[in-house]
Amino acid sequence: MHADKFVIPAEAASATKLETDVEVLRAQAGLYAFLGRCLESEVDQALLVALRGPLRDTLAELGIDIGEDLRSGAPKEVLADLGEEFAALFVVPGAVLPYRSAYETGRLFQPQADLATAAYRDAGFDFRNILSGEFPDHVAVMLAFVGRLLERQAEALEAGNTDAAAEWQRRREHFLLHQIGGWAVGWSRRAQSCARHPFYLAVLGLAEQVIWADIGDIADEKTLKRLVKSNRRPLVKQKTDHAFRKASGF
Amino acid sequence: MGHIGNIKTNRRGFLKLGATASAVGATLASTRLVAMEQELGGADFSAVTGEKRTAVPYTCMACNIEDGGVAMVENGRIVKLEGNMDHPNTRGKLCAKGNAGFLHVYDPDRIMSPLLRTGKRGEGKWKRISYDEATSLLSEKLRAVIDRSRAANDPSILNETVIKWGRNRTGGGIDRFMHALGSNAMLNHTNICESSKKVGLEPSWGPDIESCDWENTKYILNFGSNILESAYFMNPNAQRLVDGVVDNKAKIVSFDVRMSNTAGYSHEWFAPYPGTDSAIALAMAHVIMTEGLHDAEFIRDWTNVTEAQLLAHLAPFTPEFAEQESGVPAKDIRRIAREFATTKPATTFSYRGPCKHLWGAYQEAAIHMLNVITGNIEKRGGYCLPRGMGWPQPSPNPPKGPVPSIIAAPPLYPLASHHVSTNAPYMIMRGEAKVSVWMYYYDNPVYSYPSSHVWNAFLRDESLVPFSVAFSCFMSESTELADLIIPDVTYLERHDPESMPSGLFPCLSIRQPVIKPLGGTQEFRQSLIDIIHKVDPDGALGARKYFEFDSVEDWMRQHFDSIPGLKEEGGWDHMKKVGVWPTYGTVSKDNGKLIDDNGEVVVAEYGLHAAEIPAATMASAVVEPDGSITKDGATIGVQIDGKNHTGFGTPSRRIELYKESFRKYGFNPLPVYKRLPSRDKKPGEMILTTFKVNVHTQSRTASLKYLAEIYHKNPAWISPARAKALGIADGDLVRITSAVGYMVTRAHLTEGIHPEVVAISTACGHSAYGRLATLKHKEADAEWALGGDPDITNNVWWDDKGVHPNPIIRLSLDPIGGSQAWYDTVVTVSPAQPGDKYGDTKVSVEASMKDYDEALRYAYTGDLHRAAHQEVDVDWNALPRPGH
């Protein structure tokens, strides 16, 4: 798997209809940006304010429970608890690492990271880490990237440039199918099974649904079957050969 | 006879034609068909693109042998490691551990970000912080110790800043750091390793280890060393040992309680009773001296004893006495002694087997003496001095702290020149020393120390250790107890100067980042710079000036750019390209030996001790009555038969078989055998020993997939006869009980073990160190079962991680070398009891504290020491006061 293979082939042009509703695009961009922010780093004061303010009612209307303490607890304690949960879920050894490389290969920073970087750069973005141990194939960065592509599509439409809008949509769909679709849903499910705080349960559940819904819109049946299998990562346990084990060890 | 056309052929005719064609040589060789391996290392190609991979030299640190390596890098990613063909001692080869080492870099359980504890110690609750925040926090703690010391005008407070390491290959970096802080409280791990070997050797001839010329020897006596698998300099020694045995037809005889792969490779293997090696060695010396097989001239010229003294001293150590103690037949001891003395050249080698006992230093000294009395010292094919090289420290270099640290140099162990780190928690728990900041680097005592539960209790206790910091990139059993983790990078991502005496060719080598530190992680050396800059931001404390480096690489340049010879070849820049200096030759594609430009095998230099002192140096030097040569107050050599030699690294410049430093503290100045308490165990009891295997280090490799798949469980080796008597069958659950507790494991029945011994390997049975080492995914906990590694989740076919023996091993110390007596723990072995489960371990801190008290009774001020050394000519009422 090499980054230079990321170049989107011409035939990869979107088979879906061009989304021209700018409001829809901006709403989708906001949703992806929200998911990206929640999963990219610990909840900080600004995000807490947003969750308690503008987002509170909407989340409640959607039936998304972010936890009573987050809604009304003492900010210092809430942020500390969420920081601890973030570290346990995504950072410390034993965590459900949010990297495509780790999910697919069991190793950090494999060519999957190069593919993500190539996609970002091809679209005029780049990745930088703020803290150590952050890689370009982080699920949150990928989701945020989808959000940025949606924004660009909306901007192109507002500028009356339909061709450019189509190109942004093509990039987004290709990225969703080829870099997110095969693992992020399965990863979200795994992370939910480990999450203890309602906020992360909610965000991970939302991520799973959003990603899968969008992929369902753009993937054909065959592709969907492949992605379902890929996300499930079925157990391919090797047979235990006791005779071999006896001969090779004790 | 057959016919092809008009040509008459038969087998003889074919062979004749073939021989003629062969003689014509290269002219008839195909120019199209080439060997797949055109070059012996150093070049590699991408399997996908065919492009040449970037080759970056480095020095391995999977274990402590420091082999030369080359990393193959593709797209900024390490894809393969191999040996560096320019390294004269490891000659392009890495062991299994070295080949697997790059898995550390991409390990999903690697700590990639500084972590600050948020829950109770060991609870596993953390907050992610930045390196800047982490180094600032530690700096505040360190500065507080300094400020308190200044306010109280008590420099001893500075020693409350402690650092302990398992592996320190910083080339003086940690010393610089600690001395800049005014602390001498540095603890290495050497007393759980081979420190009594070192103390058995150093006062005798200077260095702490030997470098055997395996390749050119004819006879090897191996005492308790598993050279082919794990001993010090395993890879280079193993290569040369095989060269010696196969090419040079050397004979090897091994003494080991367990049939290791080295013992199995030997021409003869004897399994002596544990801790009786020196009885055997002294009996051999007895035979050699009494039968006149010794090198009288060497003893006269190069030692501080006479033949008569030796004969008198060795008189009681007969082969029959050795047989009684060791179980090795006297006739074999006699025969092997004669073979060893009359086969030239010959050498011994020993490692942890003999020295990891009470009075282990005596054992090493006795084995060493065999080489001395047979004159095999510094001979081609003999027992040689180690060859290493040094490098200058950047200037200015801080002086030591103002006050000695009593945990770094316990006063009751004045001869233990390599620390007594096992005692630190006991001393602090007893109030003998105090800690404010405890830092640990590459260190995992909660797993790797005897009675490891004591370290667990110690590091958990905030009243004993108010603040602890781990510089680790893996969540070990010890790291998980830290308050703050400032992750180091792996050895493939950082800088170090190196020189290991792993062969007969002295050389320098380096460690350099073969890739950029992964994910923005920061190497330890940079953290040290940052911390000192924060402790002393304006330089007013006087610490900052020792860390005025523009970068870590600038630090390295200051080590290497001024070394004569290397400087002319480019200094640090040369090291970055080649990885090692000097270059002695190339590795022959035919036989793997080091050859020069003419194809001749490069021969090492021998007789280092006999090198003559230049006349210019002798100007104004004084030859003392005993022959030692002094100049400006220092001994620079020894005069023998009118010639001025540099000699050995001892006060007399001769080999000091008689050690006055030992006598001063009531120890026997000559090598002796002391019957161990474990020799007098009760019938039915056994002795527990541990061992390493060829694919693992003590504690750091259980997380490497390539290695864990090969070896991951460690049943207890028991002899079939003993097992039968105990009612134990192969694979049965057994309970092994020592004075501090018990463990439940499985039995492995084998004839390859002394019937009085039960042996369990290290490297298994982790409770931490990542999901592979612990096999947590086999448990129900979703947090682990669903973790980030599908390879582990899906493909780890084994469900047995082993059981770690260290908790039940008692603290016991060699009072001379200060070394942990790993192989003296007396145990009972029985079938598991009802309710016992595999892996159960129950141990007592209180019982271990009693072991500490018992150990001190053997220290030079103790009653048991005096009782065991009545033969020593010393005024027992006038022994030096501790600390003086």
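Small disclaimer: the values here were computed from a predicted structure and weren't measured. So that the names make sense, note that chain A is the first sequence line, chain B the second, and so on, each numbered from 1.
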Can Asn444(B) and Tyr769(B) be counted as having a side-chain donor-acceptor contact under 3.5 angstrom? no
Lys/Arg N to Asp/Glu carboxylate O, Asp114(A) vs Arg121(A), below 4.0 Å: no
Interchain contact, Ile485(B) with chain A, by part (heavy-atom threshold 4.5 Å): neither
Counting the benzene-type ring for Trp, do Tyr99(A) and Phe135(A) have ring centres under 6.0 Å apart? yes
Going by atom types only, do Gln110(A) and Thr105(A) share a side-chain donor-acceptor pair under 3.5 Å? no
Side chain from CB out, backbone as N, CA, C, O: work out which of these in Glu85(A) comes under 4.5 Å of a heavy atom of chain B, or both, or neither. neither
Most chain A-contacting option - heavy-atom pairs closer than 4.5 Å, from Leu518(B), Thr521(B), Ile111(B), Leu115(B): Leu518(B)
Among the listed options Tyr106(B), Phe474(B), Tyr131(B), Trp126(B), the residue most often paired with chain A at heavy-atom distances under 4.5 Å: Tyr106(B)
